[in-house]
Amino acid sequence: MSDALPYDERPTDDTPVHTADLPPTPIRDRNIPATAWVEAPDSLTSLGDDLPDAPVAEYKRRIGPWILWRAGPASKGHARYWAAHEDDLDRAYTLRLFPDGSAEGTGPSGTVHERFRAWKEDLRDSEG
């Protein structure tokens with residue numbers, strides 16, 4: 001296994017990947033862009049279009065049946081997370097992060113969250 005690299009120093013791996021091949025845990029040695037995900041819906045490939053520098057979303061991990069991606073920096077910047085159910089990619093939710101650390105997004109429960117952690121917990125606790 002390679003050493004973990006900071007997310008913004010990981011090389012981009014454009015190798016085509018299918019949903020079943022997205023790993024359950026975070027990848028620490030490379031970034032998989034949404035453009036490499038064969039089944040990527042338009043809502044994901046355009047996730048960062050309205051953010052500064054129009055970042056391409058990168059795969060982060062799975063949370064139960066949810067596939068998690070992020071466009072933009074992990075903190076102190078404009079970013080957006082996107083999660084969709086692995087069996088129904090139209091069941092997608094987003095969370096917007098702002099430079100001051102605040103956030104806004106609705107989770108599967110219908111609750112509007114102002115913290116990333118609470119949004120992730122909503123995904124985790126969802127029955128899928």
Side-chain angles (χ1 to χ4, degrees):
M1 182 170 160
S2 300
D3 290 336
L5 295 171
Y7 79 90
D8 57 341
E9 294 179 18
R10 297 174 193 157
T12 298
D13 182 356
D14 289 312
T15 305
V17 62
H18 289 277
T19 304
D21 300 320
L22 293 170
T25 57
I27 302 170
R28 304 286 187 201
D29 63 342
R30 68 191 190 287
N31 287 318
I32 299 173
T35 52
W37 183 26
V38 176
E39 294 85 11
D42 291 341
S43 62
L44 175 62
T45 57
S46 63
L47 189 67
D49 286 359
D50 66 334
L51 299 175
D53 300 322
V56 172
E58 296 173 335
Y59 179 71
K60 296 303 159 193
R61 63 170 300 142
R62 290 176 183 258
I63 299 175
W66 301 97
I67 304 169
L68 184 66
W69 299 75
R70 185 186 69 235
S75 63
K76 299 182 177 140
H78 291 279
R80 186 174 288 114
Y81 280 89
W82 181 94
H85 196 279
E86 62 190 358
D87 294 331
D88 181 0
L89 300 180
D90 290 330
R91 288 181 55 200
Y93 300 92
T94 60
L95 178 87
R96 176 71 192 270
L97 293 179
F98 299 96
D100 67 0
S102 64
E104 182 179 358
T106 303
S109 70
T111 302
V112 176
H113 298 284
E114 296 178 351
R115 292 182 39 235
F116 176 55
R117 179 177 298 275
W119 185 77
K120 286 194 317 183
E121 290 169 348
D122 194 348
L123 294 169
R124 180 199 65 201
D125 296 343
S126 167
E127 294 183 20

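- The shortest distance between side-chain heavy atoms of I32 and W37 does not fall below 4.5 Å.
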Would N31 and K60 count as a side chain to side chain contact (heavy atoms under 4.5 Å, CB included) if you check the C-alpha gap in whole Å, the side-chain angles of each, and the deciding distance to 0.1 Å? CA-CA 8 Å; N31 287 318; K60 296 303 159 193; 4.1 Å; yes
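- When all heavy atoms of A34 and A40 are compared, the pair lying nearest together is O-CB, 3.5 Å.
- A79 approaches P73 most closely through the heavy-atom pair CB-O, 3.2 Å.
- Between T106 and T111 the shortest side-chain heavy-atom distance does not fall below 4.5 Å.
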Applying side chain to side chain contact (heavy atoms under 4.5 Å, CB included), run through V17 and V38 and close with a yes or a no. CA-CA 6 Å; V17 62; V38 176; 5.9 Å; no
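- No donor-acceptor pair under 3.5 Å is formed between the side chain of R30 and the backbone N or O of D13.
- Using a 4.5 Å heavy-atom cutoff, the side chains of H78 and P99 are in contact.
- With a 6.0 Å radius and a threshold of 12 heavy atoms from other residues, nucleotides or ligands, D53 has its CG atom at or below the threshold.
- More than 12 heavy atoms of other residues, nucleotides or ligands sit less than 6.0 Å from atom CG of D100.
- You'll find the side chain of D50 reaches within 4.5 Å of the side chain of R80, heavy atoms only.
- Rounding to the nearest 0.5 Å places CZ of F98 at 10.5 Å from CD of E114.
- Looking only at side-chain heavy atoms (C-beta outward), D14 and P33 come within less than 4.5 Å of each other.
- Using a 4.5 Å heavy-atom threshold, the side chains of Y81 and T94 count as separate.
- A donor-acceptor pair is defined here as one N or O able to donate and one able to accept, closer than 3.5 Å; such a pair exists between the side chain of R10 and the backbone of I27.
- In this model, a donor atom of one side chain and an acceptor atom of the other lie less than 3.5 Å apart for D122 and S109.
- Note that OG1 of T35 is 9.5 Å distant from CG of L44, once rounded to the nearest 0.5 Å.
- Using a 30° and 60° split on the angle between ring planes, Y59 and W69 fall in the perpendicular class, above 60°.
- Distance check, rounded to the nearest 0.5 Å: CG of L47 to CZ of R96 gives 10.0 Å.
- Y93 has its ring centre no less than 6.0 Å from the ring centre of W82.
- Here L89 contributes atom CG and S43 contributes atom OG; the two are 8.0 Å apart, rounded to the nearest 0.5 Å.
- Enclosure of atom CD in E39 by more than 12 non-hydrogen atoms of other residues, nucleotides or ligands within 6.0 angstrom is indicated.
- Annotation: the span from L97 atom CG to K76 atom NZ amounts to 13.0 Å, rounded to 0.5 Å.
- H85 contributes a side-chain N or O that, together with a main-chain N or O of D87, makes up a donor-acceptor pair within less than 3.5 Å.
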Run the salt bridge (Lys or Arg N to Asp or Glu O under 4.0 Å) check on R70 and E58 step by step: do they pass? CA-CA 5 Å; R70 185 186 69 235; E58 296 173 335; 5.1 Å; no
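- Distance check, rounded to the nearest 0.5 Å: CG of L123 to CD1 of I63 gives 5.0 Å.
- Two residues are said to be in side-chain contact when any heavy atoms from C-beta on lie closer than 4.5 Å; R62 and E86 meet this criterion.
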